[in-house]
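Following: one structure in structure tokens, then a few remarks.
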Amino acid sequence: MDTQQMNLALVAVLQEWDPFQIGWDLYEPEIADTVVAIRYIDSPQELAEKIKSIYEFAFDETVKMEKCLEVAQKLLIIKNDASCSI
């Protein structure tokens with residue numbers, strides 16, 4: 001999986017997530033910020049904290065840490081699969 005394919009897979013997971021139930025198309029900046037963060041973070045806990053802060057800052061609403069951790073783990077699986085095949 002090349003970088004473009006990986007990014008598309010990451011975006012698909014984040015679009016599916018929709019933590020505030022407002023429609024995936026309203027999260028574009030948060031999705032972009034999260035995809036950038038994934039490049040530098042390998043810890044599920046640390047990535048979950050980053051995702052939580054990105055979405056909570058943007059929407060001024062709380063996101064459950066457990067949900068952020070679930071998404072972080074899915075994203076890191078994609079990242080790790082991509083790096084193994086490169």
Side-chain angles (χ1 to χ4, degrees):
M1 178 183 308
D2 65 22
T3 302
Q4 184 178 9
Q5 290 173 320
M6 178 187 77
N7 287 341
L8 290 172
L10 296 170
V11 168
V13 168
L14 291 165
Q15 287 176 336
E16 183 181 305
W17 182 36
D18 194 6
F20 301 116
Q21 306 303 308
I22 60 172
W24 66 266
D25 55 331
L26 297 176
Y27 299 107
E28 288 183 25
E30 294 75 33
I31 289 172
D33 290 347
T34 302
V35 170
V36 170
I38 292 165
R39 294 180 189 160
Y40 307 104
I41 300 173
D42 293 317
S43 159
Q45 185 67 35
E46 188 180 340
L47 182 57
E49 290 169 5
K50 183 66 174 176
I51 292 168
K52 184 172 174 56
S53 71
I54 289 169
Y55 282 79
E56 288 182 352
F57 178 80
F59 291 92
D60 199 28
E61 290 187 47
T62 303
V63 183
K64 291 184 178 181
M65 186 58 164
E66 302 84 35
K67 298 295 182 184
C68 294
L69 189 55
E70 287 174 21
V71 171
Q73 290 169 334
K74 288 179 185 178
L75 296 172
L76 288 173
I77 288 170
I78 293 168
K79 175 185 174 180
N80 292 332
D81 285 350
S83 67
C84 289
S85 64
I86 292 177

Using the ring of each side chain (for Trp, its six-membered ring), is F59 parallel, tilted or perpendicular to F20, with breaks at 30° and 60°?
-> tilted
Which atoms form the tightest heavy-atom contact between Y55 and P19, and what is the distance?
-> CD2-CG, 3.8 Å
Where do P44 and A72 come nearest, in terms of heavy atoms and distance?
-> O-CB, 3.5 Å
L26 CG to Q15 CD distance, which is reported to the nearest 0.5 Å | 11.5 Å
Here the gap from T34 atom OG1 to L75 atom CG, rounded to the nearest 0.5 Å, amounts to 7.5 Å
Please indicate whether D25 has more than 12 foreign heavy atoms, meaning atoms of other residues, nucleotides or ligands, lying under 6.0 Å from its CG.
-> yes
CD (E28) with more than 12 external heavy atoms under 6.0 Å = no
Treat each ILVMFWY residue as a node, draw an edge where side-chain heavy atoms are under 4.5 Å apart, and state whether [X] and [Y] are in one component.
X: V11; Y: I54; value: yes
X: Y40; Y: L10; value: no
X: V13; Y: I22; value: yes
X: V71; Y: L8; value: no
X: L47; Y: L69; value: no

Please test L14 against Y27 for side-chain contact (heavy atoms from CB on, under 4.5 Å), starting from the C-alpha separation and ending with a verdict.
-> CA-CA 9 Å; L14 291 165; Y27 299 107; over 6 Å; no
Sidechain-backbone polar pair: [X] side chain, [Y] backbone, donor-acceptor under 3.5 Å:
X: E56; Y: V63; result: yes
X: D2; Y: M6; result: no
X: K79; Y: I41; result: yes

Check step by step if side-chain contact (heavy atoms from CB on, under 4.5 Å) holds for E70 and M65.
-> CA-CA 9 Å; E70 287 174 21; M65 186 58 164; over 6 Å; no
Which of K52, K50, E49 passes side-chain contact (heavy atoms from CB on, under 4.5 Å) with C68? It is K52
Compare all side-chain heavy atoms of K67 with those of W17 and state whether any distance is below 4.5 angstrom.
-> yes
